[in-house]
Asker: 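The structure that follows is given in the form of structure tokens.
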2 protein chains.
Amino acid sequence: MTAATTLLAALEGSGHRTTGPRRIVAELVAGQDGAFTAVGLESAARAGGVHVGRATIFRAIELFESLGVVERVDLPAGDHAYVACVSHHHHHVICTTCGRSTEVEDVGIEALARTVGRRTGFRVDEHRLELFGICPDCQRVASGT
Amino acid sequence: MTAATTLLAALEGSGHRTTGPRRIVAELVAGQDGAFTAVGLESAARAGGVHVGRATIFRAIELFESLGVVERVDLPAGDHAYVACVSHHHHHVICTTCGRSTEVEDVGIEALARTVGRRTGFRVDEHRLELFGICPDCQRVASGT
DNA sequence: GCGGCGAATGATACTGAGTCTCAGTATCAG
DNA sequence: CTGATACTGAGACTCAGTATCATTCGCCGC
Ligand SMILES: [Zn+2]
Ligand SMILES: [Zn+2]
Ligand SMILES: [Zn+2]
Ligand SMILES: [Zn+2]
């Protein structure tokens, strides 16, 4: 999980204004403990008693994404979700039960992408790898206590 | 590209009825030459002068997907697209310019997924790899005829 | 501290993908 | 052929996401 301060620091360091609503969104994101959706943040805000306009939430997420501190992932069910994360290249393992996610440093996909490029003639310039499974905690719960 | 007959064969072989609308959708899918969206099929139908209800198109795609002859891919832009494809495990390289897609036989991700599982403690039981780039044809066009 | 400017906000209206319903239709086993 | 039932589609509906625009607010320079 990324701390709210990390998100806000990214804001400041890029010439964007640090505003109240953005602070709130950053806090919500930081409190998410895993993958989250825009709509999820919206209700988290409502549940927390704070109010931020829907448009603002979407804009803030988009901004954080453009700064590389939040990344979009598409859940198997089709939802557009996001995870807060470090900005260098890496991938995620996401728990299909609780949504918690863990970062995975590059495990050799670059090479693999090059292989595919060579094999197909495509100029591969983007790739997405998402791994889904059950996290240790949820495994423990599933196996009885 | 998968032939319409392949899709229909999958239907028949699974106890589902072979109906007119499904035949049309199968044909539309077969004529797509790459990744396509439900909405895209809808307009393709309109353009072709045939009519199939929106709901039916969505249901047919869903069905084909459950039969493993169509697979969902999430485009970088966020659209939910699909590709017709063989049902054994493999991945896709998709052209970001024209949408054409090519199948890629497994290039070692299974092993990679196992590595990640070992490293993170997750029980990884699903993964999605999508490669995006420019296909040979579009590269040629881009580089000035 | 204060003023001003442009960035940011949010109420609200809107768009459009995808779903649901249900009465009517078509498939196919027997 | 015929009945059981799987399938269809018009259209209403949901709801994530976007567009608009008057208002507000952060920030920089004084
Ligand atoms: Zn990350
Ligand atoms: Zn979990
Ligand atoms: Zn395929
Ligand atoms: Zn292309």
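What's counted below: heavy atoms across the whole structure, side chains too, no hydrogens, waters or symmetry copies. Fair warning: this is a prediction, and the values are worked out from it, not measured in the lab. Every chain is numbered from 1 and lettered A, B, ... according to where its sequence line falls, protein lines coming before strand lines.
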Asker: Would you indicate, yes or no, if D:dC7 has its OP1 or OP2 atom less than 4.0 angstrom from a side-chain nitrogen or oxygen of B:Thr56?
Answerer: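 No, no such contact exists.
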Asker: In this structure, would A:Ile57 and A:Val50 fall into the same cluster of hydrophobic residues linked by side-chain contacts under 4.5 Å?
Answerer: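 Yes; tracing contacts between hydrophobic side chains, which count when under 4.5 Å, links both residues.
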Asker: Round to a whole Å and report the spacing from CZ of B:Arg46 to P of D:dG9.
Answerer: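 Interatomic distance, CZ of B:Arg46 to P of D:dG9: 14 Å.
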Asker: Before giving the answer on salt bridge (charged side-chain N to carboxylate O under 4.0 Å, His left out), spell out for B:Arg72 and B:Glu65 the whole-Å C-alpha distance, their side-chain angles and the decisive distance to 0.1 Å.
Answerer: CA-CA 7 Å; B:Arg72 212 191 78 215; B:Glu65 189 187 6; 5.3 Å; no
Asker: So which one's nearest nucleotide on DNA chain C is more toward 5', B:Ala55 or A:His51?
Answerer: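 Going by which nucleotide is closer to the 5' end, it is A:His51.
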Asker: If you check the B:Pro21 side chain, which of C:dA8, C:dG18, D:dT8 turns out closest?
Answerer: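 Nearest nucleotide to the side chain: D:dT8.
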Asker: Measure CZ/B:Arg54 against P/D:dT14 and give the value in whole Å, please.
Answerer: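 Taking atom P of D:dT14 as the reference, CZ of B:Arg54 is at 15 Å.
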Asker: Are the side chains of A:Arg22 and A:Arg59 in touch, meaning some heavy atoms are under 4.5 Å apart?
Answerer: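 Not touching, per the 4.5 Å side-chain cut-off.
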Asker: Using a cut-off of less than 4.0 Å, is there contact between a side-chain N or O of A:His80 and OP1 or OP2 of D:dG17?
Answerer: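 For D:dG17, OP1/OP2 do have a side-chain N/O of A:His80 under 4.0 Å.
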Asker: Would you say A:Thr19 reaches C:dT9's phosphate, i.e. side-chain N/O to OP1/OP2 under 4.0 Å?
Answerer: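 The answer is yes; a side-chain N or O of A:Thr19 sits under 4.0 Å from OP1 or OP2.
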Asker: Would you check if the side chain of B:Ser101 reaches a backbone N or O of B:Val93 as a donor-acceptor pair within less than 3.5 Å?
Answerer: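 No, because the side chain of B:Ser101 does not come within donor-acceptor range (under 3.5 Å) of the backbone of B:Val93.
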Asker: To the side chain of A:Val39, which of C:dG18, C:dG10, D:dA16 is closest?
Answerer: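 The answer is D:dA16, which lies nearest to the side chain.
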Asker: Identify whether any heavy atom of B:Arg22 sits under 4.0 Å from a base atom; if not, whether one sits that close to sugar-phosphate; answer base, sugar-phosphate or nothing.
Answerer: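 If one applies the 4.0 Å heavy-atom cut-off, B:Arg22 turns out to touch the sugar-phosphate alone, with no base involved.
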Asker: Please give, in whole Å, the distance from C:dG10 P to A:Arg59 CZ?
Answerer: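 In whole Å, C:dG10 P lies 8 Å from A:Arg59 CZ.
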Asker: How many whole angstroms separate atom CD1 of B:Ile24 from atom P of D:dC7?
Answerer: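 Distance, rounded to whole Å: 16 Å.
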Asker: Is there a continuous path of hydrophobic side-chain contacts, each under 4.5 Å between heavy atoms, that joins A:Val39 to A:Ile94?
Answerer: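 No, A:Val39 does not connect to A:Ile94 through the hydrophobic network.
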Asker: Can you tell me the distance, in whole Å, between the CG atom of B:Leu63 and the P atom of C:dT27?
Answerer: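 Going from CG in B:Leu63 over to P in C:dT27 covers 16 Å.
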Asker: If I compare all heavy atoms of B:Arg119 with all of A:Glu105, which pair ends up nearest, and what's the gap?
Answerer: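 Closest approach of B:Arg119 to A:Glu105: NH1-O, 4.1 Å.
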Asker: Can you check the B:Phe58 CZ to D:dA12 P distance for me, whole Å?
Answerer: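 Going from CZ in B:Phe58 over to P in D:dA12 covers 18 Å.
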Asker: Side chains of B:Leu63 and B:Ser66: does their closest heavy-atom pair fall under 4.5 Å?
Answerer: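 Sidechains of B:Ser66 and B:Leu63: in contact.
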Asker: May I have the distance from A:Leu8 (atom CG) to C:dA8 (atom P), rounded to whole angstrom?
Answerer: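 It is 14 Å, rounded to the nearest whole Å.
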Asker: Looking at DNA chain D, which of residues 10-18 of chain B put a heavy atom within less than 4.0 Å of it?
Answerer: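 B:His16, B:Arg17, in order of number.
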Asker: In whole angstrom, what separates B:Ile57's CD1 from D:dG11's P?
Answerer: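 Result: 16 Å.
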